[in-house]
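Worksheet for the structure shown next.
We count residues from 1, following the sequence as given.
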Amino acid sequence: LGGFFNLGKVLNSGSLRALFIVIFLFFFGFTMFTQFFQVFLIRKFEFDEAHIGYLFGFIGLWGVITQAGILRILSRKFSPYQLLNFALIIFAFSYLTYLLPQNVVGLYLCIPLFSIMQGLSMPNFSAVVSNSAPKHIQGETLGMQQSIQSLAQIITPLIGGFVVAKSYYAPMWLGFIFTTIAWAIFALRVKPKTEL
């Protein structure tokens with residue numbers, strides 16, 4: 001029951017509440033995309049299992065490039081807050097780029113931007129959460145973050161099938177909508193630690 005206990009703490013976390021709402025919205029949109037993107041690939045591009053695997057492998061490759069290179073370079077010049085504030089809004093619009101291609105080459109060209117912004121967002125969430133919490137409860141606060149992410153990932157499959165049945169473009173639109181809302185809350189309500 002530790003996860004439920006942590007979720008209860010989130011509701012009373014004061015200054016961290018807005019940040020946890022951002023995390024929930026971000027992971028809700030992202031999980032909706034990852035769970036049901038395959039439906040889009042099959043319906044629009046007639047992908048089989050092998051081609052879906054190649055595409056996700058290419059996404060993973062860009063994730064490694066981002067984590068091993070791009071993130072390290074940018075983190076020397078910008079704070080986690082600055083990187084996340086920038087990456088969230090670009091990541092939101094990167095969902096919509098998948099609506100544009102009419103062929104597989106165009107589809108692959110969408111992946112670098114999406115993967116780079118994802119790679120910049122996720123580790124910086126943990127950094128911002130850790131930096132926003134008092135030192136003596138940083139570990140506990142990161143546990144709360146994991147609980148929020150898990151909640152978003154549990155809810156998504158329960159409703160995603162109904163949504164995707166209406167339109168196989170839904171994963172991209174929902175990813176865009178929820179990530180845009182997350183960015184707006186982050187930009188307006190979450191402040192760097194020096195401003196808390």
Please say yes or no: joined through hydrophobic side-chain contacts below 4.5 Å, possibly via intermediate residues, are Leu99 and Leu41 part of one cluster?
yes
Residues two or more places apart in sequence or in another chain: which of them pass side chain to side chain donor-acceptor pair (under 3.5 Å) with Asn103?
none
Do you reckon Ile181 sits in the same ILVMFWY cluster as Leu96, going by side-chain contacts under 4.5 Å, direct or chained?
yes
Heavy atoms only: give me the nearest Pro123-Leu71 pair and the separation to one decimal.
CG-CD2, 3.6 Å
Thr66: side-chain contact (heavy atoms from CB on, under 4.5 Å) partners, not counting sequence neighbours:
Ile70, Ile116, Leu120
Taking only residues at least two apart or on different chains, which pairs with a member in residues 177-186 satisfy side chain to side chain donor-acceptor pair (under 3.5 Å)?
Asn85-Trp183
Could you tell me if the side chain of Ile23 sits less than 4.5 Å from the side chain of Val129, heavy atoms only?
yes
Distance-only donor-acceptor pairs under 3.5 Å for side chains of residues 156-168, two or more places apart:
{"from": "Thr156", "atom 1": "OG1", "to": "Ala152", "atom 2": "O", "distance (Å)": "2.7"}
{"from": "Ser167", "atom 1": "OG", "to": "Tyr169", "atom 2": "N", "distance (Å)": "3.2"}

Donor-acceptor pairs under 3.5 Å, side chain of residues 42-56 to any protein atom, not counting sequence neighbours: which ones?
{"from": "Lys44", "atom 1": "NZ", "to": "Pro101", "atom 2": "O", "distance (Å)": "3.0"}
{"from": "Asp48", "atom 1": "OD1", "to": "Ala50", "atom 2": "N", "distance (Å)": "3.2"}
{"from": "Asp48", "atom 1": "OD1", "to": "His51", "atom 2": "N", "distance (Å)": "3.0"}
{"from": "Asp48", "atom 1": "OD1", "to": "His51", "atom 2": "ND1", "distance (Å)": "2.7"}

Should Leu61 and Ile111 be counted in the same cluster of Ile, Leu, Val, Met, Phe, Trp and Tyr side chains packed under 4.5 Å apart?
yes
Tell me every residue that passes side-chain contact (heavy atoms from CB on, under 4.5 Å) with Ser79, counting only those two or more places apart in sequence or in another chain.
Tyr81, Gln82
Taking only residues two or more places apart in sequence or in another chain, which ones pass ring-ring contact (aromatic ring centres under 6.0 Å, His included) with Tyr108?
Phe58
Could I get the full list of side-chain contact (heavy atoms from CB on, under 4.5 Å) partners for Gln153, not counting sequence neighbours?
Phe27, Thr31
To the nearest 0.5 Å, what is the distance between CG on Leu107 and CD on Gln102?
11.0 Å
From Ile89 atom CD1 to Leu84 atom CG, the distance as rounded to the nearest 0.5 Å
12.0 Å
Would you compute the distance between atom CG of Leu88 and atom CG of Leu83 and round it to the nearest 0.5 angstrom?
10.5 Å
Contact list for residues 84-103, test ring pair (Phe, Tyr, Trp, His ring centres under 6.0 Å), sequence neighbours left out:
Phe26-Phe91, Phe33-Tyr95, Phe33-Tyr98, Phe37-Tyr98, Phe91-Tyr95, Phe91-Phe114, Phe93-Phe176, Tyr95-Phe114, Tyr98-Phe114
Shared ILVMFWY cluster between Ile154 and Phe28, side chains joined below 4.5 angstrom?
no
Say you draw a straight line from CZ of Arg189 to CG of Leu19; how long is it, rounded to the nearest 0.5 Å?
11.5 Å
Rounded to the nearest 0.5 Å, what separates atom CG in Asn131 from atom OG in Ser126?
10.5 Å
Residues that Gln118 engages under side chain to side chain donor-acceptor pair (under 3.5 Å), provided they are two or more places apart:
none
Rounded distance (nearest 0.5 Å) linking atom CE of Met122 with atom CD of Gln149:
7.5 Å
State, with a plain yes or no, whether a side-chain heavy atom of Gln145 is found less than 4.5 Å away from one of Phe125.
yes
Any sub-3.5 Å donor-acceptor pair from Ser75's side-chain atoms to Arg72's backbone N or O?
yes
Between Ile148 and Leu142, is there a shared hydrophobic cluster once you connect ILVMFWY residues whose side-chain heavy atoms come closer than 4.5 Å?
yes
Do you know which two heavy atoms are closest between Met32 and Pro171, and how far apart they sit?
O-CB, 3.9 Å
